[in-house]
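The next block holds one structure in the form of structure tokens; read it before the comments.
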Amino acid sequence: MHSVNTIKMTAFLIMNCAAIVAFLCSFTFGIKSEPQCPWRNGLACGGARPLLALTAFWAALMCYRFFLRKSDLARAAEALSAALRAEFSDRHNIAPSSSVAVVTPGPVPGSREVAMMRWGLVPSWARSPEANSPSLANARADSLETKPSFRAPFRRHRCILPAGGFFEWESLSGGRKQPWLFRRTDGAPLLFAGIWDQWKGSDGRHIESCAIVTTEPNSLVGALHDRMPVCLQPDEAIRWIETAEASAPGLASLLRPAPDPLLECFRVDPRMNSVRVDDPACLAPLSPPEDAPGDQLPLGLE
DNA sequence: CCAGACGTTGTT
DNA sequence: GTCTGG
DNA sequence: CCAGACGTTGTT
DNA sequence: GTCTGG
């Protein structure tokens, strides 16, 4: 028997049919599932959205992969006056669920230190760390104040995730994925705004985890994706993690897209698409001159 | 009042 | 943890 | 994010 | 297709 798959597929088809019917109804009879969407036209908002939401042929895009070498971390720690209290190894291909270096306030006021945490926020009240699927690797800047998973960490547990740079993917024909590397043009490490939380299991397990705050993309990143990580300057980063809770709302001004000149990008070898590949070649510009740094993105910058 | 559910990301 | 439902 | 796996039975 | 693991 294929009962489970059959049921799932049937449910999928029924839901899609329902969405299509809803779409056609909204088109034909003016029925809308939402009364008002002043900033968009009613068709896209009322009818097309359920259809889109239930149609399984979309591509998802986000900041879900970055790299951090020892040299990047050392420079970041220096820029933030953060103490390095452990050994770190070069990482060229970091994915969610991995352990990552995070800068937080140290025990002495005004001091800062580097800790290791799981990338993928586990709310303190989660039943289990595994209940988090898909993992909360990113936190939208505009959700920090309101979403229960983010609110407490935003108020009390802000942090910085240093990175040498990050990756975004371009979908090519035939389902191929072309990775692009984004990094600072001046060679300095990026400082992602982050939040963290602490989870304690009844069995004594104790997990500190973190998420990267995202915002709208700047022009460069926007050519590939509709979100980008919040990238702070060192003084902003210190303000991000040191600001008192009561002033947290005043931090909103930091959560902006990076200035366009801050970043550059280039294609890298699709070999690094696999998270099992973690070597320096992940960061090398894809062969010949036409793909040298500064090459034009293929998608047009409007 | 308590019990119990709850979170997010993405959406060419 | 916070929020909702009963 | 992408890659890669993905089935079942039994369970005081 | 959907879900998990990294």
Side-chain angles (χ1 to χ4, degrees), chain A residues 1-13 15-16 19 44-45 48-67 91-100 118-157 166-173 175-182 195 197-200 209-215 217 221-229 268-278 282 298-299:
Chain A
M1 294 290 281
H2 316 85
S3 55
V4 173
N5 280 340
T6 304
I7 291 169
K8 283 183 179 175
M9 184 55 73
T10 304
F12 175 78
L13 289 172
M15 289 171 76
N16 262 340
C45 226
R49 195 158 72 177
L51 179 67
L52 289 172
L54 291 167
T55 302
F57 306 110
W58 54 63
L61 317 161
M62 263 303 283
C63 176
Y64 270 101
R65 215 79 79 81
F66 67 96
F67 66 92
R91 291 296 310 277
H92 310 90
N93 195 0
I94 303 171
S97 81
S98 175
S99 182
V100 295
R118 170 200 160 114
W119 180 25
L121 192 75
V122 180
S124 59
W125 44 265
R127 278 186 193 282
S128 74
E130 297 78 23
N132 215 22
S133 188
S135 71
L136 306 177
N138 299 127
R140 293 180 62 101
D142 54 15
S143 298
L144 295 177
E145 299 263 27
T146 54
K147 301 295 185 181
S149 293
F150 299 155
R151 195 166 176 224
F154 172 55
R155 286 188 301 192
R156 304 187 299 109
H157 291 325
F166 61 95
F167 301 97
E168 302 286 2
W169 277 263
E170 172 192 7
S171 288
L172 303 179
S173 60
R176 289 170 303 138
K177 306 285 186 177
Q178 174 61 60
W180 290 72
L181 184 154
F182 290 77
I195 56 177
D197 208 345
Q198 190 173 65
W199 181 90
K200 291 176 182 172
S209 60
C210 59
I212 295 172
V213 178
T214 68
T215 186
V221 181
L224 282 183
H225 299 305
D226 64 350
R227 304 293 296 172
M228 75 176 294
V268 293
D269 193 329
R271 214 172 58 91
M272 62 77 54
N273 289 2
S274 171
V275 296
R276 293 172 305 179
V277 176
D278 183 343
C282 293
L299 303 180

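Letters A, B, ... mirror the listed sequences (proteins, then strands); counts begin at 1.
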In this structure, how many angstroms lie between the [atom2] atom of [N] and the [atom1] atom of [X], rounded?
X	N	atom1	atom2	answer
A:Phe150	C:dT2	CZ	P	17 Å
A:Leu136	B:dC6	CG	P	15 Å
A:Asp226	B:dG10	CG	C1'	8 Å
A:Asp142	B:dT9	CG	P	8 Å
A:Arg127	B:dC6	CZ	C1'	9 Å
A:Leu121	C:dG1	CG	C1'	12 Å
A:Arg176	B:dT12	CZ	C1'	17 Å
A:Trp119	B:dT9	CH2	C1'	12 Å

Side chain proximity check, A:Phe150 to A:Pro123, heavy atoms < 4.5 angstrom: no
What residues, two or more places apart in sequence or in another chain, satisfy side-chain contact (heavy atoms from CB on, under 4.5 Å) together with [X]?
X	answer
A:Val275	A:Arg65, A:Ala95
A:Arg127	none
A:Thr215	A:Met228, A:Val230, A:Pro257

Sugar-phosphate, base or nothing in reach of A:Pro179, heavy atoms under 4.0 Å: nothing
Touch class at under 4.0 angstrom, heavy-atom based, for A:Ala152 against every strand present: nothing
Below 4.0 Å: OP1/OP2 of B:dG10 and any side-chain N or O of A:Arg140: yes
Partner residues of [X] under the side-chain hydrogen bond (donor to acceptor under 3.5 Å, both in side chains) criterion, sequence neighbours left out:
X	result
A:Arg271	A:Asp279
A:Arg151	none
A:Glu145	none
A:Ser274	A:Arg276

Shortest non-hydrogen contact from A:Pro96 toward A:Ser135: CB-OG, 3.9 Å
A:Trp125 over B:dC6, stacked by centroid distance under 5.5 Å, angle under 30°: yes
Residues forming a ring-ring contact (aromatic ring centres under 6.0 Å, His included) with A:His92, sequence neighbours excluded: none
ring-ring contact (aromatic ring centres under 6.0 Å, His included) involving A:Phe66 - partner list, sequence neighbours excluded: A:Trp119, A:Phe192
How far does the [atom1] atom of [N] sit from the matching atom of [M], given to the nearest Å?
N	M	atom1	answer
D:dG10	E:dT2	P	28 Å
B:dC2	D:dT12	P	36 Å
D:dG7	E:dC3	P	12 Å

Tabulate protein N/O versus nucleotide N/O from nucleotides 3-5 of chain D, keeping only pairs under 3.5 Å, one per line.
from  : atom 1 : to       : atom 2 : distance (Å)
D:dA3 : OP1    : A:Asn273 : ND2    : 3.3
D:dG4 : OP1    : A:Arg276 : NH2    : 2.3

Could you go through nucleotides 3-6 of chain C and list every protein N or O atom that sits under 3.5 Å from one of its N or O atoms, giving the distance for each pair?
none

A:Arg91 backbone acceptor or donor facing A:Asp278 side chain under 3.5 Å: no
Evaluation steps, side-chain contact (heavy atoms from CB on, under 4.5 Å), between A:Phe154 and A:Val213: CA-CA 10 Å; A:Phe154 172 55; A:Val213 178; over 6 Å; no
Could you work out which one of [options] sits closest to the side chain of [X]?
X	options	value
A:Arg227	B:dT9, B:dG10, B:dT11	B:dG10
A:Ser143	B:dT9, B:dG10, D:dC2	B:dT9
A:Ser149	C:dT2, B:dG10, B:dG7	B:dG7

Identified stems (criterion: three or more consecutive Watson-Crick or G-U pairs, under 3.5 Å), DNA chain B: B:1-6 with C:1-6
